[in-house]
Number of protein chains: 2
Amino acid sequence: MTDDQSAGGIRVLLAEDQGMVREALAALLGLEGDIDVVAQVGRGDEVVEAVLAHRVQVAVLDIEMPGMTGIEAAAELRRRSPGTRVVIATTFGRPGYLRKAMESGADAFLVKDAPAAELAEAVRRVLRGERVIDPTLAAAALAEGANPLTGRELEVLAAAADGAVNAEIARRLHLSEGTVRNYLSMAIQKTGARNRAEAVRIAAAKGWM
Amino acid sequence: MTDDQSAGGIRVLLAEDQGMVREALAALLGLEGDIDVVAQVGRGDEVVEAVLAHRVQVAVLDIEMPGMTGIEAAAELRRRSPGTRVVIATTFGRPGYLRKAMESGADAFLVKDAPAAELAEAVRRVLRGERVIDPTLAAAALAEGANPLTGRELEVLAAAADGAVNAEIARRLHLSEGTVRNYLSMAIQKTGARNRAEAVRIAAAKGWM
DNA sequence: TCCTGCGTATGACGGATGTCATGCCGCCCC
DNA sequence: GGGGCGGCATGACATCCGTCATACGCAGGA
């Protein structure tokens with residue numbers, strides 16, 4: 001997963017769990033004369049090590065990855081390699097994702113719907129110190145406000161997401177069953193849903209989970 | 001979306017809704033000397049027209065697309081352009097998807113986790129008349145057996161998936177509320193779930209929905 | 001210091017959900 | 001022509017879920 005021949009271009013790392021997509025993006029960036037993809041990883045928890053090993057200037061991270069999300073990896077990078085710029089490229093343009101990405105210190109946020117040319121352009125711009133954010137998404141994130149759900153409410157909602165019954169959620173999180181009901185009731189109200197399933201759907205769509 | 005300069009290679013169409021991924025895959029295939037990506041579309045319902053317009057030999061289709069799924073597009077192609085070979089390339093390696101893809105006349109079924117080289121290789125092989133299927137996935141599809149859910153059960157389950165309450169499902173499908181309960185009960189039993197949410201999750205994971 | 005928000009818990013109530021039995025109709029296959 | 005299956009329905013029952021009121025401890029901010 002390391003293709004390290006320095007030719008003088010921008011040193012880029014690609015983190016993306018789907019091999020075919022990752023290699024295709026590498027091929028795409030490789031066509032740009034000023035960019036060298038010097039490392040590729042398929043897991044979030046391999047990002048920091050690879051960045052340090054290959055003196056990466058710009059890390060392009062997917063969000064959904066095994067081991068660690070791209071957002072968590074961005075936060076790690078902020079600590080362990082503060083000079084490295086971070087571009088988040090994700091399938092889902094959820095406002096909550098954008099917010100979390102920015103808080104974790106990302107420099108750019110792209111959705112994969114966008115034309116491919118934007119990726120190379122974003123890499124160049126973050127290296128110049130600019131921030132690159134889809135304006136539509138930025139507006140949506142601002143309009144929506146912050147995630148209203150508390151940590152515990154999110155945990156309970158996540159457990160409910162895969163169809164667990166109250167008693168099981170209680171066991172998993174070491175809570176009483178009544179407390180689980182209370183949290184879910186709160187989450188349902190805050191999301192404006194009519195039941196737990198809808199609450200899960202809404203929270204997921206907004207990138208709160 | 002049409003990049004039509006014949007250079008004598010295999011004439012390929014790419015259908016994939018995420019622009020960045022689509023163009024990256026095009027770049028990747030473009031690096032192969034014997035393949036020409038002569039058309040790109042971002043919607044399922046544009047596939048047939050583009051295939052006919054560009055004399056496409058191999059169509060590479062994603063499953064999840066707006067307008068029409070890749071599987072439906074494959075079935076359309078089978079009727080309208082029987083000489084065109086079809087490669088399904090999908091994010092989700094669900095056994096039910098493989099089964100449906102094969103029934104709709106696809107020649108190859110790849111998951112995007114696989115190394116990029118397999119895509120070009122699959123294009124060449126289907127053109128020679130071979131079928132290309134991930135053996136692990138094929139085994140899983142056979143082991144699992146066919147979708148046990150009836151049409152109506154699937155419709156009710158799909159309506160329940162986005163958090164609709166029984167009364168609303170009944171209204172949407174013109175059923176009585178009791179009937180909705182019966183269908184959901186059936187679906188819960190057949191999937192081995194404990195409630196509707198888990199039934200939805202299981203059915204989705206197996207590609208039944 | 002007091003107030004607020006979060007985490008946790010209990011109890012009670014009404015409505016939603018899941019199960020089961022039973023029935024009817026239409027279709028297809030033997 | 002009879003049997004089986006899918007689609008549709010009703011009624012009854014037990015449980016689960018969602019809501020609300022109330023309570024306590026702990027932290028952090030005014």
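Throughout, protein chains are lettered first and strands after them, A, B, ... in sequence-line order, and every chain is numbered starting at 1. In this text, all values refer to a predicted model and were calculated from it rather than measured experimentally.
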*To the nearest 0.5 Å, tell me how far B:K112 NZ sits from B:D62 CG.*
3.5 Å
*Out of C:dT17, D:dC17, D:dT10, which has the shortest distance to the side chain of B:N182?*
D:dT10
*Give a yes or no on this: more than 12 heavy atoms of other residues, nucleotides or ligands lie within 6.0 Å of atom CZ of B:R80.*
no
_For a quick test of reading the model: is some side-chain N or O of B:R181 closer than 4.0 Å to OP1 or OP2 of C:dA16?_
no
_Distance test, side-chain N/O of B:N166 to OP1/OP2 of C:dT17, below 4.0 Å_ = yes
*Please tell me which of A:M186 and B:L173 maps to the more 5' nucleotide of DNA chain D, matching each residue to the nucleotide holding its nearest heavy atom.*
B:L173
*asked:* Rounding to an integer number of Å, can you tell me how far B:I169 CD1 sits from D:dC8 P?
replied: 14 Å
*B:R194 CZ to C:dT17 P: how many Å, rounded?*
18 Å
*Atom CG of B:N195 to atom P of C:dT19: distance rounded to whole Å?*
9 Å
*Once you round to the nearest 0.5 Å, how far does CZ of B:R55 lie from OG of B:S81?*
11.5 Å
*Residues A:E130, A:R125; criterion salt bridge (Lys or Arg N to Asp or Glu O under 4.0 Å); working and verdict*: CA-CA 5 Å; A:E130 295 177 44; A:R125 289 175 62 186; 3.0 Å; yes
_Check this one for me: any side-chain N or O of A:Y183 less than 4.0 Å away from OP1 or OP2 of C:dT8?_
yes
*Between B:T150 and D:dG6, does any side-chain N or O lie under 4.0 Å from OP1 or OP2?*
no
*Just how far, in rounded Å, is P of C:dC6 from CG of A:L154?*
12 Å
*asked:* Heavy atoms from C-beta onward define the side chain here; which of C:dA9, D:dT19, C:dG18 lies closest to that of A:I188?
replied: D:dT19
*Looking at B:S185, does any N or O in its side chain come under 4.0 Å of the phosphate oxygens OP1/OP2 on C:dT17?*
no
*At their closest point, which heavy atom of A:L110 faces which heavy atom of B:M20, and how far apart are they?*
CD1-CE, 4.2 Å
*What integer distance in Å separates A:E198:CD from C:dA16:P?*
14 Å
*Pick the nucleotide of DNA chain D nearest each of A:A197 and B:L175; which residue has the one closer to the 5' end?*
B:L175
*With a 4.0 Å cut-off on heavy atoms, is B:R152 in touch with a base, just the backbone sugar-phosphate, or nothing at all?*
sugar-phosphate
*Please report, rounded to the nearest Å, how far the P atom of D:dC16 is from the CD atom of A:E168.*
13 Å
*In whole Å, what is the span from the CD atom of B:E153 to the P atom of C:dT19?*
13 Å
*Is B:R196 touching bases, backbone alone, or none of the nucleic acid, heavy atoms closer than 4.0 Å?*
sugar-phosphate
*Spacing of A:E177 atom CD relative to D:dG18 atom P, expressed in whole Å*: 12 Å
